[in-house]
Amino acid sequence: MATYVDSTRSDTYARIYAVIRRIPMGRAASYGQIARLAGIPGAARQVGYALHALPDGTTVPWHRVVNAKGTISRRTVPGSELTQRMLLEAEGVYFDLNGRVDLARYGWTPRRARGKK
DNA sequence: TTTATGGCTGTCA
DNA sequence: ATGACAGCCATAA
């Protein structure tokens, strides 16, 4: 039954946004992690696209999304990465001296991604 | 419709 | 630890 490809051809974004919205405050998740939770494993890049397409007054905590290394990827818009870092620090997520968040500590651990320690 | 790209990931050296 | 290569999937032309 109509798993995906049923509602709209681009419900992908909606799923991605939904997952990001599930990220609790003070937590950070990686693109791949979100893509997987969104039902599109391997499409980590698309997550980045979705974030790029986010509206200005979005309620999606896009700043909680970082790459697998825990660092902030360089985006097309220089300076935005600093904004992301600022927002994360405002939520209690601090970066190390290398400019990386400790995913082992702040990493979001959703129930769907369990199975391994 | 097809082609190319891209805010990434994971493995190998 | 860092650098390079190839793969994935959806969007835009």
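Basis for what follows: all heavy atoms, side chains included, without hydrogens, waters or symmetry-related copies. Each chain gets a letter, A, B and so on, in the order its sequence line appears, and its residues count up from 1.
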For atom [atom1] of [X] and atom [atom2] of [N], their distance in whole Å:
X	N	atom1	atom2	value
A/D11	C/dA10	CG	P	10 Å
A/I72	B/dG7	CD1	C1'	11 Å
A/I40	B/dC8	CD1	P	15 Å
A/I16	B/dC8	CD1	C1'	12 Å
A/L51	C/dT11	CG	P	14 Å
A/L103	B/dC8	CG	C1'	14 Å
A/Y17	C/dT11	OH	C1'	12 Å
A/H52	C/dT11	NE2	C1'	12 Å

Identify, with sequence neighbours excluded, every residue that meets side-chain contact (heavy atoms from CB on, under 4.5 Å) alongside [X].
X	answer
A/T58	A/L54, A/P55, A/V60, A/W62
A/A68	none
A/P41	A/R36

Review point. Going by an N to O cut-off under 4.0 Å, is there a salt bridge joining A/E91 and A/R64?
Key: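 Salt bridge between A/E91 and A/R64, a charged N being under 4.0 Å from a carboxylate O: yes.
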
Restricting to nitrogen or oxygen on both sides, can you table the protein-nucleotides 10-13 of chain B pairs closer than 3.5 Å?
none

**Study point:** salt bridge (Lys or Arg N to Asp or Glu O under 4.0 Å) contacts in which one or both residues fall within residues 38-51 of chain A, not counting sequence neighbours
**Key:** none

Point to revise | Listed nucleotide nearest any side-chain atom of A/R100, set C/dC9, C/dT2, C/dC8 | key: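 Selected nucleotide (nearest to the side chain): C/dT2.
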
Review point. Side chain of A/A44: nearest nucleotide among C/dC8, C/dC9, B/dT9?
Key: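 Among the listed nucleotides, the one closest to the side chain of A/A44 is B/dT9.
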
Review point. Would you say A/S73 reaches B/dC8's phosphate, i.e. side-chain N/O to OP1/OP2 under 4.0 Å?
Key: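 Checking B/dC8 against A/S73, a side-chain N or O does come within under 4.0 Å of OP1 or OP2.
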
Review point. Any side-chain heavy atom of A/W108 sitting closer than 4.5 Å to one from A/R22?
Key: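 The answer is yes, as the side chains (C-beta and beyond) meet within the 4.5 Å cut-off.
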
Point to revise | Those residues that, when tested against A/R85, pass salt bridge (charged side-chain N to carboxylate O under 4.0 Å, His left out) (two or more places apart) | key: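 If we apply the salt bridge (charged side-chain N to carboxylate O under 4.0 Å, His left out) test to A/R85, skipping adjacent residues, the hits are A/E89.
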
Point to revise | Where DNA chain B forms stems, i.e. three or more consecutive Watson-Crick or G-U pairs with both distances under 3.5 Å | key: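 Stems for DNA chain B, defined as runs of 3 or more consecutive pairs: B:2-6 with C:9-13, B:8-13 with C:2-7.
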
Review point. If you link I, L, V, M, F, W and Y whenever their side-chain heavy atoms are under 4.5 Å apart, who else ends up in the same group as A/L103?
Key: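 A/V66, A/I72, A/L88, A/V93, A/Y94, A/F95, A/V101, A/Y106, listed by chain and number.
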
Review point. Who passes side-chain hydrogen bond (donor to acceptor under 3.5 Å, both in side chains) against A/T71, sequence neighbours left out?
Key: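 Expected list: A/N67.
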
